[in-house]
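Below: the structure, in structure tokens.
Indexing begins at 1, ligand by ligand and atom by atom, following the structure's order.
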Amino acid sequence: MSIEHESVQVRPVRDEDRPAVMELVSRLAEGVAEWRDPEAVVDAARQWLAGFFAPTRERQGAVFVAVAEGEVVGVVSVNAHRHFTGPVEAYIGELAVAPHAARTGVGRRLVSAAEDWARRQGLRHVTLETAAGNTTAQRFYAAVGYREEAVRFTRVLD
Ligand SMILES: CC(C)(COP(=O)(O)OP(=O)(O)OC[C@H]1O[C@@H](n2cnc3c(N)ncnc32)[C@H](O)[C@@H]1OP(=O)(O)O)[C@@H](O)C(=O)NCCC(=O)NCCS
């Protein structure tokens with residue numbers, strides 16, 4: 001299936017999108033460091049998103065999906081988060097595009113939706129983290145205007 005850019009709609013997530021969103025989140029194990037459990041990374045993302053779907057919880061942040069011909073082909077979550085220097089900024093927690101929809105501009109449109117959300121909140125920065133091994137994501141973020149700000153080091157003790 002090929003995805004035509006014009007046929008993709010980006011909209012706020014709905015309850016019925018939940019199974020598709022949870023499936024897409026399995027892509028978040030990409031490039032995870034060898035000393036981390038990739039399943040735990042995926043589970044943590046699923047838990048955060050499950051909290052967003054839960055009707056009893058007051059929703060914070062936003063989740064947007066990209067839909068092509070009725071199929072959810074991408075998801076992004078964004079939240080407000082205080083940087084340690086003080087300002088509240090937007091933080092993209094999860095971003096995933098279905099493999100068959102990759103390189104058709106879906107990721108770019110989802111990030112743009114998260115940025116529009118941030119602007120509506122009056123926030124000036126959008127930040128995110130990605131695994132050092134996830135070179136695809138790093139190329140993507142650079143291509144859509146993001147600049148590297150920090151590099152995290154870890155030593156695994158004997
Ligand atoms: C990273 C990801 C979200 C990109 O989504 P996408 O819809 O394929 O990206 P787009 O089509 O909008 O690409 C926009 C630009 O990013 C760059 N880009 C995207 N994928 C790339 C790749 N595999 N290699 C090099 N550059 C890439 C290109 O410059 C591209 O523009 P172009 O296609 O006109 O050359 C997607 O690959 C994905 O879901 N990966 C797995 C999950 C993940 O790693 N999420 C991020 C974790 S924080």
Just by distance, do the side chain of Arg27 and the backbone of Ala96 share a donor-acceptor pair under 3.5 Å? no
Any donor-acceptor pair under 3.5 Å linking the side chain of Gln138 with the backbone of Ala131? yes
Got a sec, which hydrophobics cluster with Val151, joining ILVMFWY side chains under 4.5 Å apart, including via others? Phe153
When you look for protein heavy atoms under 4.0 Å from ligand 1, which residues do they belong to? Arg27, Leu28, Leu95, Ala96, Val97, Ala102, Arg103, Thr104, Gly105, Val106, Gly107, Arg108, Glu129, Thr130, Asn134, Thr136, Ala137, Arg139, Phe140, Tyr141, Ala143
Answer yes or no: are there more than 12 heavy-atom neighbours, outside Arg11 itself, under 6.0 Å from its atom CZ? yes
Mind checking what makes side-chain contact (heavy atoms from CB on, under 4.5 Å) contact with Ala44, not counting sequence neighbours? none
With sequence neighbours excluded, tell me which residues meet side-chain hydrogen bond (donor to acceptor under 3.5 Å, both in side chains) with Asp116. Arg119
